[in-house]
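Convention: sequence-line order gives letters A, B, ...; per-chain numbering from 1. Atoms considered below: every heavy atom in the structure, side chains included; atoms not considered: hydrogens, waters and symmetry mates. Keep in mind that what you see is a predicted model, and the values were worked out from it rather than measured.
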Amino acid sequence: MRDVAVIGVGMTKFGELWDKSFRQLIAEAGAKAILDSGIEGKEINAMYVGSMSSGRFVGQEHVGALVADVSGFSNLHISSTRIEGACASGGLAMRQGYLSIASGMNDIVVVGGMEKMNDVLGASATETLATAADQEWEAFFGATFPGLYAMIATKHMHDYGTTKKQLAQVAVKNHANGALNPYAQYQREITLEQAMNATSVAYPLGLLDCSPVTDGAASVVLCAAEKAKDYSDKPVKIIGSGQASDSLALHARRDICTLDSTVHASKMAYKQANLTPKDVDVAEVHDCFTIGEICAIEDLGFVKKGEGGKAIDNKITTLDGSLPVNTSGGLKAKGHPVGATGVAQMVEVTLQLRGDAKKRQVKEAKIGLAHNVGGSGASCTIHILEAM
Amino acid sequence: MGEGVARFWREIPQRYNFIGDRCGSCERIFFPPKESCPFCRRKSMGKMKEIKLSGKGEIVTYTIIHVGPEDFEEQVPYPIAIVKLEEGPQITAQIVDCNIDEVKIGMKVESTFRKIRQDGSTGAIYYGYKFKKRC
Ligand SMILES: CC(C)(COP(=O)(O)OP(=O)(O)OC[C@H]1O[C@@H](n2cnc3c(N)ncnc32)[C@H](O)[C@@H]1OP(=O)(O)O)[C@@H](O)C(=O)NCCC(=O)NCCS
Ligand SMILES: [Zn+2]
């Protein structure tokens with residue numbers, strides 16, 4: 001296996017982007033990443049793109065080829081593949097891009113992720129997102145996506161004494177980080193009172209425990225590490241990559257409060273990187289709901305099971321804490337265009353390790369981790385990065 | 001769902017009849033029934049036997065849905081729970097016939113046959129199990 005490096009990153013602003021089409025978003029993110037990397041179009045061996053449900057959100061499938069086309073590469077006939085794994089589509093595309101270079105098959109790969117979710121009405125967005133759950137045995141009975149994570153939250157509160165206030169603190173922290181990110185959907189701080197008193201979406205989760213419905217795209221250029229310095233002054237190496245799956249339905253899991261796919265994927269990535277959770281300096285984790293971040297920091301091994309809430313109280317994960325989590329604002333404040341999320345996480349971790357994260361910069365960040373989850377935990381990818 | 005897009009919920013007999021299956025190798029019980037046992041895999045092939053479940057169980061965790069999918073918009077707020085059946089399997093279902101405040105982890109429940117949803121565009125009605133408090 002060859003080492004692989006990130007040599008370029010780019011993303012659109014995330015948000016309700018009424019004046020931008022799906023195609024414009026893709027082209028913008030891709031162009032930014034390619035310009036950042038300094039490669040030329042003809043050097044690209046392959047593209048991998050993550051999209052959860054372009055068919056339901058914008059009525060367009062076959063977006064692998066579309067991405068190459070709108071990027072201006074139709075004459076180059078580049079191999080381009082769309083990957084789907086619900087909200088982990090972007091992370092899965094990252095891993096495919098990574099594997100294709102690690103295997104020796106490709107030298108330069110562009111990975112993209114996108115979703116335009118605001119072109120459908122609210123209830124339809126809720127229903128489309130619910131297709132990431134088990135349609136026949138969860139969604140059929142009226143379970144929504146926020147509802148599934150809410151059931152994890154209810155159980156976590158019951159088993160470990162996690163409080164609604166601790167959930168709210170995750171939102172407050174991530175909005176504070178989002179306020180420093182010019183690409184975030186919500187660049188505003190919120191108060192603890194606002195977070196705790198927001199209208200209920202699915203008890204115990206309120207509006208401000210949820211990631212929003214977002215339009216956006218993100219892109220990363222990958223290169224065989226031995227050639228990375230030819231293009232970039234500050235390449236970032238992918239030193240660990242992991243992926244795992246679990247039952248589609250939450251109710252069929254070993255433990256409602258543990259995302260075993262996270263546990264397994266992260267073990268795989270830590271082992272490859274020859275690191276432990278303690279070595280991580282900065283992490284982007286999948287906080288589609290505030291409880292998601294609490295479970296993530298437990299399942300990634302940053303804290304013991306059940307102590308995620310306490311870690312929030314102790315401010316371990318704030319920007320100036322010992323392990324800053326979701327410096328970008330996370331899915332909560334940066335926004336969650338589902339297929340783009342896994343790629344956007346890689347953008348943030350890369351910026352942090354290059355020292356380019358500006359107001360959000362974590363001092364001396366050397367090792368970063370990106371954690372992307374699909375569904376209520378049926379898919380998970382982990383990537384661990386290190387400045388070269 | 002967006003207009004003009006075909007959508008249908010398959011009629012699944014097990015959803016009406018609470019039919020699960022038991023692995024002939026490790027005796028574990030599954031609902032919905034599985035083609036093979038994930039613990040025994042090939043040892044279970046051809047040894048999965050159908051079994052009728054009691055429909056009795058206990059709430060493992062729950063939520064109250066306030067923002068629902070289109071077909072459920074008129075039902076909100078409604079409780080959804082993961083129920084652990086006496087025979088072992090866990091399932092997701094609505095809790096009915098009680099005050100929302102009564103729904104608690106550990107509450108004993110039993111299944112009841114109900115209308116689950118009505119398709120907004122075709123008007124088709126789908127039935128299945130919900131759970132109510134067990135006295
Ligand atoms: C929570 C949710 C239902 C809210 O949607 P909604 O009720 O239609 O909200 P609206 O669009 O009417 O927004 C009302 C206001 O709240 C704000 N808002 C909406 N969602 C928000 C969120 N998640 N966080 C912060 N603010 C939010 C809007 O900006 C708007 O503010 P304004 O009045 O100042 O313009 C929706 O965001 C949602 O479904 N989120 C979950 C997404 C999801 O499941 N993703 C997949 C996870 S794996
Ligand atoms: Zn068995």
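Heavy atoms of B:Glu73 lying under 4.5 Å from chain A belong exclusively to its side chain. Both the backbone and the side chain of B:Ile80 come within contact range of chain A, judged by heavy atoms closer than 4.5 Å. Within the 4.5 angstrom heavy-atom criterion, no atom of A:Ala130 approaches chain B. Proximity to chain A is absent for every atom of B:Val76, based on heavy atoms less than 4.5 angstrom apart. Residue contact with chain B, scored on non-hydrogen atoms closer than 4.5 Å, involves the backbone and the side chain of A:Val201 alike.
Atom CZ of residue A:Phe141 and atom CZ of residue B:Phe131 lie 8.5 Å apart, to the nearest 0.5 angstrom. Note that the CG atom of A:Leu207 and the NE2 atom of B:His66 stand 12.5 Å from one another [nearest 0.5 Å]. Considering CD of A:Glu127 and CG of B:Asp71, their distance stands at 5.5 Å, rounded to 0.5 Å. Separation of atoms CD1 (B:Ile91) and CG (A:Asp134) is listed at 12.0 Å; rounding is to 0.5 Å. The line from CD1 of B:Ile65 to CG of A:Leu148 is 7.5 Å long, rounded to the nearest 0.5 Å. A distance of 11.0 Å separates CE in A:Met151 from CD1 in B:Ile64, rounded to the nearest 0.5 Å.
For B:Glu27, the CD atom is densely surrounded, since the number of other residues' heavy atoms within 6.0 Å is greater than 12. The 12-atom threshold is exceeded at NZ of A:Lys164, counting heavy atoms of other residues, nucleotides or ligands nearer than 6.0 Å. Other residues, nucleotides and ligands contribute more than 12 heavy atoms inside 6.0 Å of the CZ atom of A:Arg82. Heavy-atom neighbours of B:Lys34 NZ from other residues, nucleotides or ligands within 6.0 Å: at or below the threshold of 12. Heavy atoms from other residues, nucleotides or ligands lying under 6.0 Å from CD of A:Gln60 number more than 12.
Here the shortest heavy-atom pairing between A:Ala139 and B:Arg117 reads O-NH1, 3.3 Å. Nearest heavy atom pair, residue A:Gly142 against residue B:Pro69, reads O-CD, 4.4 Å. When all heavy atoms are compared, the tightest approach of A:Thr144 to B:Gly68 is CG2-CA, 4.2 Å.
Of the possible polar contacts, none joining the A:His251 side chain to the B:Ile82 backbone as a donor-acceptor pair under 3.5 Å is found.
The greatest number of non-hydrogen atom pairs below 4.5 Å with chain B, out of A:Glu138, A:Arg253, A:His158, is found for A:His158. Per-residue counts of heavy-atom pairs under 4.5 Å with chain B were compared for A:Thr126, A:Thr154, A:Leu250; the largest is that of A:Thr154. Chain A forms the most heavy-atom pairs under 4.5 Å with one residue out of B:Val83, B:Ile100, B:Val67, and that residue is B:Val67.
Under the 4.5 Å side-chain criterion, counting only non-hydrogen atoms from C-beta, B:Gln90 is in contact with A:Ile256.
Classified by interplanar angle (parallel below 30°, tilted 30° to 60°, perpendicular above 60°), the ring pair B:Tyr62/A:Tyr203 is parallel. Relative ring orientation between A:Trp137 and B:Tyr129 is described as parallel, the plane-to-plane angle staying below 30° on a 0-90° scale split at 30° and 60°.
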